[in-house]
Chemist: 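Next up is a structure, given as structure tokens.
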Amino acid sequence: MSSEARYQPQEIEPRWQAAWDAEGCFTARMDPARPKYYVLEMFPYPSGRIHIGHVRNYTMGDVVARYKKAQGFSVLHPMGWDAFGMPAENAAMAEGGHPGTWTYNNIKVMKGQMKPLGLSIDWSREFATCDPEYYGQQQALFLDMMQAGLVYRKNAVVNWDPVDMTVLANEQVIDGKGWRSGAEVERRELTQWFFKISDYSGELLDAIDGLKDWPEKVRLMQANWIGKSRGLQFSFQRTDGQGAVEVYTTRPDTLMGASFVGISPDHPLARELAATNPALQAFREECAKGGTTAEELETAEKKGFDTGLTVKHPFDSTWELPVWVANFILMDYGTGAIFGCPGHDQRDHDFARKYGLPIIDTFLPTGQDWDIQAAPYVPMKSETVRWTRGFGWPEDATADAAIAAAIAECESRGLGEGVTKFRLRDWGLSRQRYWGCPIPVVHCDTCGVVPEKKENLPVRLPEDVSFDKPGNPLDRHPTWRDCPCPSCGKPARRETDTMDTFVDSSWYFARFTAPHAATPTNLAEADYWMNVDQYIGGIEHAILHLLYSRFFARAMHRTGHLPARSIEPFNALFTQGMVTHAIYQTRDDKGRAVYHFPEEVELRDGSGFLKDGTEVEIIPSAKMSKSKRNVVDPVAIIDQFGADTARWFVMSDSPPERDVEWTAAGAEATHKHLARVWSLIDRIVALPADQTGEGDEDLARAMHRAIADVTATIEGFAFNKAIAKLYEFTNTLSRSKASAKAQKQAGRVLAQLMAPMTPHLAEDLWHRLGGDGLVTLAPWPKADPAMLVEDTVTLAVQFNGKRRTEITVAKDASKEEVEKAALADEAVIRGLAGATPRKVIVVPGRIVNVVV
RNA sequence: GCCCGAGUGGCGGAACGGUAGACGCAGGGGAUUCAAAAUCCUCCGCCCUGACGGGUGUGCGAGUUCGAAUCUCGCCUCGGGCACCA
């Protein structure tokens, strides 16, 4: 073998990438003659280096993009950067410098790492969300949304670090303490900006039904998140005659089991009473300790404070219930007040036991005893139970029926009304941070809150800022805040809150259709390219990012920036699994976690050690995240074996929707396989054109089978199975003794089928086999259905469901013929030992089951 | 705590309710080689058996079915999300 007759990806890959660039293969063009296809992978945060999860994600999208291109679509496959966010500020704090410098440098490095992968991306559309051109249009969008009544201000709680005097993200609160100061975090109220996503609660929920090509699990998660509930809203009159407590309950059927009324520590009544009750005020302050996450609130120990106030049961004015302030009641949901029914709710039961409140059943299991004092009885609402304290429905009824009856009964008595509520809260977009899109409004002493004029956009972030102190540099900047009021022209102050980075990612997909338009979108371009035909991203975005984007698409339609059909912007969604890796951590002298990169850790017998011998704690299998440092850099694999090996390797084996624990074992074997394919084609190319052989028909059948299987598996996002089919076809071809003509044709088809996964190698094979032009631009092969038909079929024969033997019959054999053939089989006769089967089940083309 | 997933050989995984383990990795044996690498052939869930063959087996426990990895119920373990990580 001569020295050049080897697979050399380092030589092949840059050459074909240059050829694609020269042809402009990946530039998206509006083409009325072709159907369009918009494939989008969730854009990355520029953390510094790409990790193997990025390679997996973008290769998936690239397989789809290249496949659709071969199918004749005009493809849009763009890439950009989700570039605002905390890590850049953290880097500026840790290492000095400006967040922008850090961010743009990371983008440069990561783009440099992505380019060698040979992704079919239209880089001419690239942008970063921190580009003033992008965030200026985002500000314009914000002003339009403000005009449309979709933006407002209200108070909301934040994590407050009392030592650093700054707002903390949930991620920065560790075990209830500030990550830098170590101080105990408090919940504190601030006036903040909100998007009125709740205007669309019902619509966002109902429209989920139309998202046919979204994973069922994502649709379920979104539906649960929006959380539509039907319940009863009514009042408990105070016995002191000083008004009432309004409550909302989804279980009005348990009203006769009410034991107490609970209100949130932030409820107006709690605030009012605390003004004259220091002990209650102390309790409220106690409740305000800790972070703001639902997880923290719900797992905290249940605590209550008896206000001494009592209210009357709506059905019986002599029945008095105590009013307690309880830390597990959220002001954000319902009315911030509930009634407790300890008989049928675990949380209320715990609370009642702790504070000696009565526990009363309203229903019990049918035909069974239950000690309601020992445990609450909480069956499924669809289960029929025996009502002991119902009102207005049969003794045996489901809770579902009882709830409807209870609402009707209370309405007819004029005691309350049935209402529909949603769990979904308005979207708080204010961030007290520098590295985000400035909210384009001005505070004027005369005019109040005034939107900035559009011609003054973008409101740019100032460059001269320092991060040596905690808190928002915009707040302490000497001049940036000063500006004239857009309305009256008098001196005024800019808003210093910036936008949540989720805003940036809620419309980037629309901006890609016209990335440099002077308005947020260009309607002609949006009309042609929208919607995203295939969106691909991590399951971790199942709720927030996708829900916010659905809301934004509606808001953009309402403000004239998207066509009506784009209010659901993603036609199909694929959520790929995460690439996970162990986290290696040690503790610093304050007991805080310090994370270490995998390459810093040496593993011995399941334990890990740093270079200096320190043992590290190993946390198995977590999502790869820069902040946890459990990331694996794919560059070494690309350098050593080439991009095609990396691409094939991440697509093979694991189904794309499943999480994978990263291991590099096998990358070399993948490379060997590609080298084998290269050599195989090298051998086929060398065959004399007129060489005859045998098995042309078999090879042609295998080829059509491969076309059909690879096409179907790519369509179904089963890339691992597509690769398994390619292995099979490659093995068949390498053993074939068919004619040169047949082998060359099979080789060209192999190159085409491999092209979405290993595009550089495929170009090379295609070229050497005399393929026409670039394989990237060649039309996808079609399987001939006639070549897929088999004459005979092998059926398993079971005895009582256990496989005994198998028989081969004609494909179109009747049930009777199959049964006859089965009963004539030697192994079946032996198994029956003269007995007559009780029954023979024949499923044509599938199975024979002999029941004895 | 609440919502959503996942669990199959030594490993990654395959299997419209119908032959469990396709395909690949790792490993064993063999060919080639002075030797090695590379390459090729071959075996490969576990237990019993010389072989034929048999038993057993898809996290655990029940159930539905002629037949369950697949459907139902109850658990266990792991992962994701929980509104200021992106």
Chemist: Is a side-chain donor-acceptor pair under 3.5 Å present for A:Asn106 with A:Trp81?
Modeler: no
Chemist: Nearest to the side chain of A:Leu424, heavy atoms from C-beta on, is which of B:A20, B:C84, B:A83?
Modeler: B:A83
Chemist: Please tell me which of the listed nucleotides, B:C4, B:A86, B:C84, lies nearest to the side chain of A:Tyr45?
Modeler: B:A86
Chemist: If the glycosidic angle is within 90 degrees of 0 it's syn, otherwise anti, so just tell me which one B:G9 is.
Modeler: syn
Chemist: Just call it for A:Phe502: base, sugar-phosphate, or nothing, with non-hydrogen atoms closer than 4.0 Å on any strand.
Modeler: base
Chemist: Could you pull out the closest heavy-atom pair between A:Ala128 and A:Ile107, with the gap in Å?
Modeler: CB-CD1, 3.8 Å
Chemist: What's the closest nucleotide to the A:Met86 side chain, out of B:C85, B:G13, B:C3?
Modeler: B:C85
Chemist: Could you check whether A:Arg6 makes a cation-pi contact with A:Trp678, meaning its NZ or CZ is under 6.0 Å from the centre of the six-membered ring and within 45° of the ring axis?
Modeler: no
Chemist: Any N or O donor-acceptor pair under 3.5 Å from the base of B:C3 to the side chain of A:Glu295?
Modeler: no
Chemist: Return the nearest nucleotide to the side chain of A:Met578; candidates are B:C84, B:G80, B:C82.
Modeler: B:G80
Chemist: Return yes if some donor-acceptor pair links the side-chain N/O of A:Arg647 with the main-chain N/O of A:Met757 below 3.5 Å, else return no.
Modeler: yes
Chemist: Counting only N and O atoms by type, is there a donor-acceptor contact under 3.5 Å from the side chain of A:Asp659 to the main-chain atoms of A:Met578?
Modeler: yes
Chemist: Need one value for A:Gln346: base, sugar-phosphate or nothing, where a base atom within 4.0 Å counts as base even if backbone is also close, heavy atoms only.
Modeler: nothing
Chemist: For the residue pair A:Asp426 and A:Ser198, confirm or rule out a side-chain donor-acceptor distance under 3.5 Å.
Modeler: yes
Chemist: Between B:G1, B:G18, B:G5, which one does the side chain of A:Glu298 approach most closely?
Modeler: B:G1
Chemist: Just checking, A:Arg153 and A:Trp193: is the charged tip under 6.0 Å from the six-membered ring centre and within 45° of the axis?
Modeler: yes
Chemist: At 4.0 Å (heavy atoms only), tell me whether A:Val173 reaches a base, stays on the sugar-phosphate, or touches nothing.
Modeler: nothing
Chemist: May I ask which nucleotide in the shown strands pairs with B:A26, Watson-Crick or G-U wobble, both distances under 3.5 Å?
Modeler: none
Chemist: Which heavy atom in A:Pro46 sits nearest to a heavy atom in A:Met110, and how many Å separate them?
Modeler: CA-SD, 3.5 Å
Chemist: Which part of the nucleic acid does A:Thr794 contact within heavy-atom distance under 4.0 Å: base, sugar-phosphate only, or nothing?
Modeler: base
Chemist: Base, sugar-phosphate alone, or nothing: which one does A:Trp225 contact when heavy atoms must sit under 4.0 Å apart?
Modeler: base
Chemist: Kindly say whether A:Thr496 contributes a backbone atom to a donor-acceptor pair with the side chain of A:Asn472 at under 3.5 angstrom?
Modeler: yes
Chemist: For the side chain of A:Gln172 and the base of B:C84, is some donor closer than 3.5 Å to an acceptor across the two?
Modeler: no
Chemist: To the nearest Å, how far apart are A:Arg658 CZ and B:A15 P?
Modeler: 10 Å
Chemist: By the 4.0 Å heavy-atom rule, please label A:His545 as base, sugar-phosphate, or nothing.
Modeler: nothing
Chemist: Please classify the nucleic acid contact of A:Pro44 as base, sugar-phosphate, or nothing, using heavy-atom distances under 4.0 Å.
Modeler: nothing
Chemist: Going 5' to 3' along nucleotides 36-42 of chain B, which nucleotides have protein heavy atoms under 4.0 Å from the base (write B), which only from the sugar-phosphate (write S), and which from neither (write -)?
Modeler: --SSSS-
Chemist: Do nucleotides 62-74 of chain B as a string where each nucleotide becomes B, S or -: B if the base has a protein heavy atom under 4.0 Å, S if just the sugar-phosphate does, - if no protein is that close.
Modeler: ----BS-------
